[in-house]
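Here's the structure, in structure tokens; my notes come after.
What you are looking at is a predicted structure, and each value in this text was computed from that prediction instead of being measured. Note that the numbering runs from 1 along the sequence shown for the chain.
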Amino acid sequence: MSKKRKIPEINASSMADIAFLLLIFFLVTTTIDQDKGILHKLPAWSDEPPPDATLNQRNVLEILVNANNQLLVETDYIQVNQLRDIAVKHLTNRGRLPEYSVSPKDAIISLKNDRGTSYGVYLEIQNELKAAYRIVRDDMAYDLTDGKMTYQELDDCSSNAELDANKQSYCERLKEQIKEEYPMKISEAEPVNLGGK
């Protein structure tokens, strides 16, 4: 006489609880990457048409980037790592060299990209241009503070509530003086098909 053995049942009553606990665990411990981008303060929207501006072409540094990520500054192809020095020369020329700006207040950097330009190259160019402005503003900040503060330190000082009002006011005044001397004027046109990709 053979005995039939019963197959033991698996107790699945706690599976829902375990799945719920795992879900809670992953929700609590997972971090979601935040989008990164470029910080630009755009001008306020206006329905009025922009004024007709007659620019001295000498004050505009034209930068074109094609779909092959090649950089054309005025008439010369350059590497991205050369762009910072050229931008600094353009901003600080003060009319000495005929190919660069007449004054820092009038200097404009015009950037035009191709639709096929890679995002990485675009970011590198933006970084180089911002670094150029940081260099010229830091130089002026050093001159105004006898080498004691950078432009960023002046900016931090002007917004530091722990400092006394006179110090904050002093830092704010110098910061505004530097911004007035070197206003950041980067004109960026709508991407076009420069390289034909």
Side-chain angles (χ1 to χ4, degrees), residues 33-43 50 53-156 174-197:
D33 288 337
Q34 293 182 345
D35 291 338
K36 294 178 182 174
I38 303 168
L39 294 176
H40 278 296
K41 186 175 181 180
L42 299 176
T54 306
L55 298 174
N56 182 353
Q57 197 57 34
R58 181 179 170 183
N59 291 326
V60 180
L61 181 69
E62 289 186 355
I63 303 168
L64 303 174
V65 189
N66 68 15
N68 298 321
N69 298 322
Q70 294 171 316
L71 208 59
L72 181 69
V73 176
E74 298 294 334
T75 57
D76 300 322
Y77 281 101
I78 65 163
Q79 299 298 314
V80 175
N81 59 8
Q82 297 172 288
L83 183 59
R84 185 183 308 186
D85 291 337
I86 292 172
V88 168
K89 282 181 190 171
H90 181 68
L91 295 171
T92 59
N93 185 49
R94 298 182 190 276
R96 288 185 295 262
L97 299 173
E99 63 267 23
Y100 297 118
S101 73
V102 174
S103 78
K105 292 177 184 174
D106 297 326
I108 298 171
I109 297 176
S110 172
L111 176 61
K112 189 178 270 188
N113 297 294
D114 187 281
R115 292 182 198 281
T117 302
S118 75
Y119 189 62
V121 170
Y122 175 77
L123 286 180
E124 285 180 48
I125 291 168
Q126 290 287 339
N127 285 337
E128 293 298 315
L129 295 179
K130 286 196 171 189
Y133 275 100
R134 191 187 65 235
I135 288 169
V136 296
R137 286 178 171 182
D138 279 350
D139 286 347
M140 187 170 174
Y142 282 132
D143 288 344
L144 293 175
T145 62
D146 295 327
K148 293 177 183 167
M149 299 178 88
T150 64
Y151 178 77
Q152 183 62 49
E153 289 169 336
L154 284 174
D155 189 32
D156 294 341
L174 293 183
K175 188 183 92 173
E176 291 303 318
Q177 186 179 347
I178 294 168
K179 277 174 63 176
E180 188 176 316
E181 182 67 19
Y182 293 105
M184 187 177 287
K185 295 181 180 176
I186 300 174
S187 167
E188 196 167 337
E190 183 109 0
V192 293
N193 285 329
L194 294 171
K197 262 191 177 178

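Shown here are the side-chain contact (heavy atoms from CB on, under 4.5 Å) partners of E188, two or more places apart in sequence or in another chain: L111, N113, Y122, Q126. With sequence neighbours excluded, no residue forms a side-chain contact (heavy atoms from CB on, under 4.5 Å) with E190. In terms of the salt bridge (charged side-chain N to carboxylate O under 4.0 Å, His left out) criterion, D138 has no residue partners (sequence neighbours excluded). When the side chain to side chain donor-acceptor pair (under 3.5 Å) test is applied to D156, the partners found at least two apart in sequence or on another chain are Q152. Residues meeting the side-chain contact (heavy atoms from CB on, under 4.5 Å) test with T145, sequence neighbours left out: K148, M149, L154, Y170, L174.
Among residue pairs with one or both ends in residues 82-109, those qualifying as salt bridge (Lys or Arg N to Asp or Glu O under 4.0 Å) are R84-E128, R94-E181; sequence neighbours excluded. Applying the salt bridge (Lys or Arg N to Asp or Glu O under 4.0 Å) definition to pairs two or more places apart or across chains, none involves residues 56-81.
Here the CD1-CG distance, from I86 to L61, works out to 7.5 Å after rounding to the nearest 0.5 Å. Residue I109 holds its CD1 atom at 5.5 Å from CD1 of I63, rounded to the nearest 0.5 Å. Put simply, CD on Q70 and CG on D114 are 11.0 Å apart, with the number rounded to the nearest 0.5 Å. Between the CG atom in L91 and the OH atom in Y100 there is a gap of 11.0 Å [rounded to 0.5 Å].
A heavy-atom distance below 4.5 Å is not found between the side chains of N66 and L72.
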**Study point:** Test side-chain contact (heavy atoms from CB on, under 4.5 Å) applied to Y77 and L71, step by step
**Key:** CA-CA 6 Å; Y77 281 101; L71 208 59; 6.0 Å; no
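With hydrogens and angles ignored, the 3.5 Å screen pairs a side-chain donor or acceptor of N59 with a backbone N or O of V102.
Tested against I108, the residues P183, S187, S101 include a single side-chain contact (heavy atoms from CB on, under 4.5 Å) partner, S187.
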Would you give me the side-chain donor-acceptor pairs under 3.5 Å for residues 129-137, sequence neighbours excluded?
from: K130; atom 1: NZ; to: L39; atom 2: O; distance (Å): 2.8
from: Y133; atom 1: OH; to: K185; atom 2: N; distance (Å): 3.1
from: R137; atom 1: NE; to: Y182; atom 2: O; distance (Å): 3.1
from: R137; atom 1: NH2; to: Y182; atom 2: O; distance (Å): 2.8

